[in-house]
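The structure under discussion appears below in the form of C-alpha cells.
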Amino acid sequence: MSNDDKLMRDAAERAISYRKSLQGRQVVPTPEAIAAVAGFDEPLSEDGKADSETLAMLDEIGSPASVAMAGPRFFGFVIGGSMPVTVAANWLATAWDQNSVMSQVTPAVATLENVSRRWLCELFSLPEDCAASFVTGATIANFTALAAARHKVLADVGWDVESEGLIGAPEVTVIIGEEAHPTLTKSLGLLGLGRDRALRVPVDGQGRMIADALPAIDGPTIVCTQVGNINTGAFDPVGDICNAVRPAGAWVHVDGAFGLWAAAVPSMLHRVEGMGAADSWATDAHKWLNVPYDSGVAITRDAAALKAAMAITADYLITDTEHRNPSDYTPELSRRARGVDVWAALRSLGRRGVEDLIERCCSHARRFADGLGAAGYEVLNDVVLNQVLVSFGDDETTLRVIEEIQRDGTCWCGATVWQGRRAMRISVSNWSTTVADVDISLEAMLACAERGKQA
Ligand SMILES: Cc1ncc(COP(=O)(O)O)c(C=O)c1O
C-alpha cells in the first residue's frame, strides 16, 4: 500500500472512531483537552512535516478538544449532526474535488445539484421550475434570494441594479418582522439595503409578525418573513402576508433556515399555510437535513431574477449551454459540490425519512418541555416545532443553571433572552437523538437545576 493510501485509510479509521465516540462521550471537552490545542501553535516549518504525523496530530489534539456537536445530546443553537451517508458522500465528493461552476466540466455534480433542487421543490411543495442556489448556509441563502428580490423589484420600475448599482436608484422599501434573524438584516446590509433601514412589523408573544400591522405597500417593496423563530420556533403568517402585499407587486421572502422543513411534513402543513405563494425561500441543509457543514439553499420562484443577479460570463468560461450551470445561481464562482451531500441525504431518507426526522425531533422537544414543566419549571414558548425555551426562576438562577448544565457535559444548551427574560434554549435537530438521550439529558438538567437553585 502506498503512503498516500495508508494516509487516507488512517483518516477514515480515525474519523470512524471519532464518530463512534460521540454517543458515549461528554459533550464538552475536558479543560486538559482544551489546553492541549496550544500544541497546534508551532512555528511554520521550513521543510514541512510528515503527512502521517500531521494527521495524527490533528486527531490526537483536535478530536478530544472538539465539542460533540455532531452527537445526539448537543441542543445549542440549531445544529444538525451529519448522517453517516452524508459524511461518506461528502468524503467521496471531496476526493473528486470538483469545482462546481460549469455543467460541461462537472457533469456529475451539476446533475446531482439539479436533482437536489427538484427534490427540494417537491418536498416543500414549491413549483418544480424554481431556481435554487447551493450556498454555505441560510445567511448566504438569505443574501442570494434577496439579491434576486432586489433585481426584480427594481427591474419592475425600469432600473438595472446589477449594472447601475443603488446610487440614484428608485427607493426600495424593505419590511421585516421585529424578530427577523440578525443574518437577515446582515444580508440587507450587504445588499446596500441597510441593516437598520427596514420598516419593522410588530410581533406577538411567540415572535410572529402581526399581518394586520403591515404598512401600506407602495413602489418597489421586499417583505421578509420567517418560518421558525430561532428562540420559539414560531411561524410568521406567511400566507396572510402574501395575500396582503403580493397584489401590490411586493416580493415576499421567507427565511426558513430550519422551519421550512415543516413544509415537508403533512402533519405540520397548517403551520406554513400559504407559504408557497411567496417569491423566495432560504433554508439550511446543515441544520435539519443533517448534512455536514456548510450547506444552505436559496430557492426563487423567478429563476430569471436569480440568474440576473448572479450569473457572469467570460470568454474562458463555458456559459452558453442548454444545461443548468450551477454558478449561474450562486454568489461564488468556484465552489465545492454541496449538492452531493444534499442529494445523498434526500436519497437515503426519502420523503418518509424526512418526515420521520422532523417529527422525531419535534416529539423530543415536547418531551423536554413536558419533563421540565412537570418538574415545576416554566416553559416560555408554545412548543410548535423543535425549540423549547425554559426559565428556571429569576434571570440569575436561570443563568446559573445553564452554566451548571454546560459544565456537567451530559448535554449542551445555550442561553437567550426571550421578550425580556433570560431563558435556556433547547433545540433538537440531530438525526441520532433518541428518547433515551432526551431522558438522560432531562435527568442531568433537573439535577443541575437543583444545584443551581441552591447556589
Ligand atoms: C431563522 C434563521 N435564519 C438564518 C440563520 C442563519 O443560518 P446560518 O448560520 O446557517 O447561516 C439562522 C441560524 O440559526 C436562523 O435560525
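Quick caveat, the model's predicted, so the values are computed rather than measured. Order of appearance sets the numbers: ligands from 1, and atoms from 1 within every ligand.
In this structure, CD on Glu162 lies 8.5 Å from CE on Met310, to the nearest 0.5 angstrom.
The main-chain N or O of Met209 is never found under 3.5 Å from a side-chain atom of Glu179 such that the two would form a donor-acceptor pair. Remark: the backbone N or O of Val85 is not paired with any side-chain donor or acceptor of Ser348 at under 3.5 angstrom. Not one N or O on the side chain of Asp382 forms a donor-acceptor pair closer than 3.5 Å with the backbone of Val384.
With a 4.0 Å cut-off on non-hydrogen atoms, Phe77 does not touch ligand 1 at all. Contact annotation: for Asp284 versus ligand 1, heavy atoms closer than 4.0 Å belong to the side chain alone.
With hydrogens left out, the protein atom closest to atom 9 (O) of ligand 1 is Lys287 NZ, 3.8 Å, a heavy atom. Scanning the protein for heavy atoms near atom 3 (N) of ligand 1, the closest one is Asp255 OD2, 2.7 Å.
Polar contact with ligand 1: absent for Gln226 (N/O pair, distance under 3.5 Å). Between His286 and ligand 1, an N or O atom pair is found at a separation short of 3.5 Å.
Heavy-atom separations between Gly296 and ligand 1 are all 4.0 Å or longer.
With sequence neighbours excluded, the residues satisfying side-chain hydrogen bond (donor to acceptor under 3.5 Å, both in side chains) with Asn142 are His253, Asp255.
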